[in-house]
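For this chain, numbers begin at 1 and follow the sequence in order. Bear in mind the structure is a predicted one, so any value in this text is a computation, not a measurement.
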Amino acid sequence: MDSKRTSFRDILEIFCRRRRIVQVFFSVVLVTTLAASVLMPPKHEASTTILIEVVDRSPFFRNPYTSEMMLEWVKAQAEVIKSYTVLGEVVDALQLDKAFKEEYMQKEYAKQKTKSTTSHILNGINIIIPNMLVPKNIIKRMTHDEFHEKTDFYFRQTAIKFLQKNIKIIPLEDTGIIKIQATTKGDSVDDASRASKIANLVTDTYIDEFFKFQKTEAGEARKFVDDKLENAHLALLDSEEALKQFIKSENIVSLTEEKSIATEELADLNTQYYSTEADLQELRAILAKLDTEQNLEAIYSIREVSDDSFVDELKRSLAAQESELSLVLGSFTEESVSASRIKEAIKNNRVKLIEESRKIIQANLKRLERKKDSLAEIIGNYKVKLSTFSDKEIRLGQLRREVENNKERYSFLLQEQQKLSISEALGEDKIPVIKNVKVLDYASVPIKPAGPNLALNLTLGCLLGFVFSAGGVFVSEYWDTSLKGKDDIGHYLGLSMVGIVPQFNRNLSRIAANTKIDPAYDKLIAGLSLNKGEPLISIITSAKPGEGKTTTASFLGAALANGGKRVLLIDANLRKPALHKIFGLKQSPGLVESLLLDNENLNSCINPTHSENLKVVTSGNLTGINPGGILQSDKMNQFIHQLKKNFDVILFDSPSGNEYSDAAILNKLVRDVLVVAEAYKVRYEVVSYLKERLEKNGASIIGVILNKRKFYIPEILYRTLL
């Protein structure tokens, strides 16, 4: 197809001309779509809706990142729902793997009748498990149970993949709501109810797994508290026993009020001193770890650091960038420009966060060191004051204070244990309305199939049919090298187009009766550009037979004669002459007799017609003659020179140029040539070959007459559309 064909008019004509391709493609696609929709088993859909409540417990992630992180968390839960863990539980509950295996075995037993069940399974493995093919030497060493284990594993994996394909997880944007939709196919009521069973079971299984996770989390925390509680209880018992033994051995029951207060204050000061010392050691360890490993986790445990507004802003920014990086890595590689940019920003934020945290930690170290020195000085003063007391009294006060501290610690841990026990107990509750996940709607059995949607499928079929039709049309047009118009003739042949003769009912009797000729031939006369004073002598030929060169010569001659030109038509087609039939004349005498019989009286071979200006020379008697020898004889040249005196236009009707050499031979005497080409039939390569043959003999090709041009859209529309 010529690249210049870009107008709407030509595109419309191409589709009209290739309408059979459009009809075939459109019909095939539409019939296929209709058949598939009718034969396709009904599709059933059932869905449950759950609400996932995300509680932001972290002090470091606040607005504006909470909603974004919640959405990411909801998407992550959608992946959890379709995980092998959750769907594996569903497969086991519904026994889908056994159903798959039974269905396969039934098909295999129908295909091949075998006596050994074991050998049947061995053969089945090589058929159904392409990714688990086992070499034959290993197969022989495997036991029957091992084969059953492999097939069970395969069918379980197949069932899980089936569920993953037929379960759709739809998170609703900007909410914590997830829709779990299950799809099944089949004609029975069981197939419809199976969809609701799968959707409900997937939901319940996911919630159970969520509870297990919550219970595991609470259980681990409770185990930690239990261990601490046990240690605190033992410490309390030991301190009480030490106090009891001291009172018993030293026979001291109580202290004076002054001594009791001083002892308690000293114990408090000692507690503060050792606590400050512990805080100093912890901060020094964190600072050392920060300098060597640049670990940020330790920073988050320091209240002074976490409460700093600038540090908090850096933490939120860092969290947002890490979340953005995880999303980018889901679509791009780590070496991509986007990922590199985010990594660089994260690196800079981490450096700022570490530097700012280091400053705060160093300031806290100085503060704690001052506090430690102050406490040491106060404790020294108290020790001087208590030096007046006996050692027994001081020891009694210390033991009582230790007992009180252990009681307070034990009471606190006991309260924490009770809270965790309640949380763990909630995790064992099967009620769907829970703190973090709520079932809004359970799936019900679908009343009617969700598909196939015949109207939608037919609509899509029509669109697809149009796409395929358009593709077929343009591909066929691209590979079609036939001549279709002026652009093709100029682009492929480098020739000018004399004119277009449309396809019409060529009633040749109109020529003989001298009636009105089709207007298209009048337009051809304008394209010939006849020179005044010089007769036009031209050969009319075509690349192949049947392109209408004889008819074109006859109508063109008649049109010229009606325009006042003296026209002579010479039937130089000595292979298959036809002019005498068109005009109702005798074939002989004609051209052959004039050239062979030395007939100097030309009027004897020139036949009149109903038009006064139109004369015809028939072929004559062709028996035993050599057409090539006659056409290139000197008498032929003399014959042409004599005719020039009496006629304005002389047209030679010759055979097709690629089939015979007559046109090329005659071309040595007659230079001008008119080529007739049938539109949409003859390929430009064929006409190009004719052009080369004629030009080798010095021919001057006037142009191409595009014959039998069909207007697949109305000609008026063709002329007016752009």
_Under the criterion side-chain contact (heavy atoms from CB on, under 4.5 Å), I'd like the reasoning laid out for Thr48 against Asp441: C-alpha separation, chi angles, the key distance, then a yes or no._
CA-CA 5 Å; Thr48 59; Asp441 292 302; over 6 Å; no

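- Contact of the Cys462 side chain with the Phe26 side chain is registered, since non-hydrogen atoms from C-beta on lie closer than 4.5 Å.
- A salt bridge does not link Glu369 to Lys366: none of the charged side-chain nitrogens sits closer than 4.0 Å to a carboxylate oxygen.
- The backbone N or O of Val80 sits less than 3.5 Å from a side-chain atom of Ser83, completing a donor-acceptor pair.
- Between Gly88 and Ile160 the shortest heavy-atom distance is CA-CD1, 3.9 Å.
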*side-chain contact (heavy atoms from CB on, under 4.5 Å) between Thr33 and Leu460, worked out*: CA-CA 9 Å; Thr33 304; Leu460 295 176; over 6 Å; no

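- Considering every non-hydrogen atom in both Val29 and Gly461, the closest pair reads CG1-O, 3.4 Å.
- In this structure, the side-chain contact (heavy atoms from CB on, under 4.5 Å) partners of Lys168, at least two apart in sequence or on a different chain, are Ile170, Gln181.
- For the pair Ile50 and Thr203, the minimum side-chain heavy-atom distance is below 4.5 Å.
- The side-chain contact (heavy atoms from CB on, under 4.5 Å) check on Asn453 picks up Ala455, Leu456, with sequence neighbours excluded.
- No donor-acceptor distance shorter than 3.5 angstrom exists from the side chain of Lys185 to the backbone of Lys43, with no hydrogens or angles considered.
- You'll find the side chain of Phe15 reaches within 4.5 Å of the side chain of Phe474, heavy atoms only.
- Side-chain atoms of Asn200 come within 3.5 Å of backbone N or O of Ala443 as a donor-acceptor pair.
- The backbone N or O of Asp191 lies less than 3.5 Å from a partner atom in the side chain of Thr184, making a donor-acceptor pair.
- A heavy-atom distance below 4.5 Å is found between the side chains of Asp204 and Tyr442.
- With rounding to the nearest 0.5 angstrom, the CG atom of Leu365 is 11.0 Å from the CZ atom of Arg370.
- Between atom NZ of residue Lys438 and atom CD1 of residue Ile177 there is a gap of 11.0 Å, rounded to the nearest 0.5 Å.
- Scanning for side chain to side chain donor-acceptor pair (under 3.5 Å) contacts around Asp238 gives an empty result, with sequence neighbours left out.
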_Chi angles and distances behind the side-chain contact (heavy atoms from CB on, under 4.5 Å) call for Leu34, Leu454_ = CA-CA 8 Å; Leu34 181 61; Leu454 185 59; 3.8 Å; yes

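- With sequence neighbours excluded, the residues satisfying ring pair (Phe, Tyr, Trp, His ring centres under 6.0 Å) with Phe162 are Phe100.
- In this structure, the side-chain contact (heavy atoms from CB on, under 4.5 Å) partners of Lys352, at least two apart in sequence or on a different chain, are Leu314, Asn349.
- A 6.0 Å sphere centred on CZ of Phe466 holds no more than 12 heavy atoms belonging to other residues, nucleotides or ligands.
- How far CG of Leu87 is from CD of Gln157: 11.0 Å, rounded to the nearest 0.5 Å.
- Using a 4.5 Å heavy-atom cutoff, the side chains of Leu375 and Thr276 are in contact.
- Pairing each heavy atom of Ala46 with each of Ser444, the nearest pair is CB-O, 3.9 Å.
- Atom CD1 of Ile361 is separated from atom CG of Leu368 by 11.5 Å, given to the nearest 0.5 angstrom.
- Between Thr183 and His44, the closest side-chain pair of non-hydrogen atoms is not below 4.5 Å.
- Here the options are Val439, Ile178, Leu440, the test is side chain to side chain contact (heavy atoms under 4.5 Å, CB included), and the partner is Leu51; only Leu440 passes.
- Atom-to-atom distance recorded for Ile346:CD1 and Arg341:CZ is 10.5 Å, nearest 0.5 angstrom.
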_With side-chain contact (heavy atoms from CB on, under 4.5 Å) as the criterion, how do Asp97 and Thr158 come out once you've worked through the C-alpha distance, each side chain's angles and the decisive distance to 0.1 Å?_
CA-CA 7 Å; Asp97 52 343; Thr158 303; over 6 Å; no

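- Applying the ring pair (Phe, Tyr, Trp, His ring centres under 6.0 Å) criterion to Phe468, with sequence neighbours excluded, gives no partner residue.
- Using a 4.5 Å heavy-atom threshold, the side chains of Lys161 and Gln164 count as touching.
- Across Asn457 and Pro452, no two heavy atoms sit closer than the pair ND2-CB, 3.6 Å.
- In this structure the side chain of Leu458 never reaches within 4.5 angstrom of the side chain of Ser37, judged on heavy atoms.
- The heavy-atom pair separating Thr32 from Val28 by the smallest distance is OG1-O, 2.6 Å.
- Residues Ala182 and Ala195 approach most closely at CB-O, 3.5 Å, considering heavy atoms.
- Here OG of Ser193 is found 9.5 Å from CD1 of Ile198. Values are rounded to the nearest 0.5 Å.
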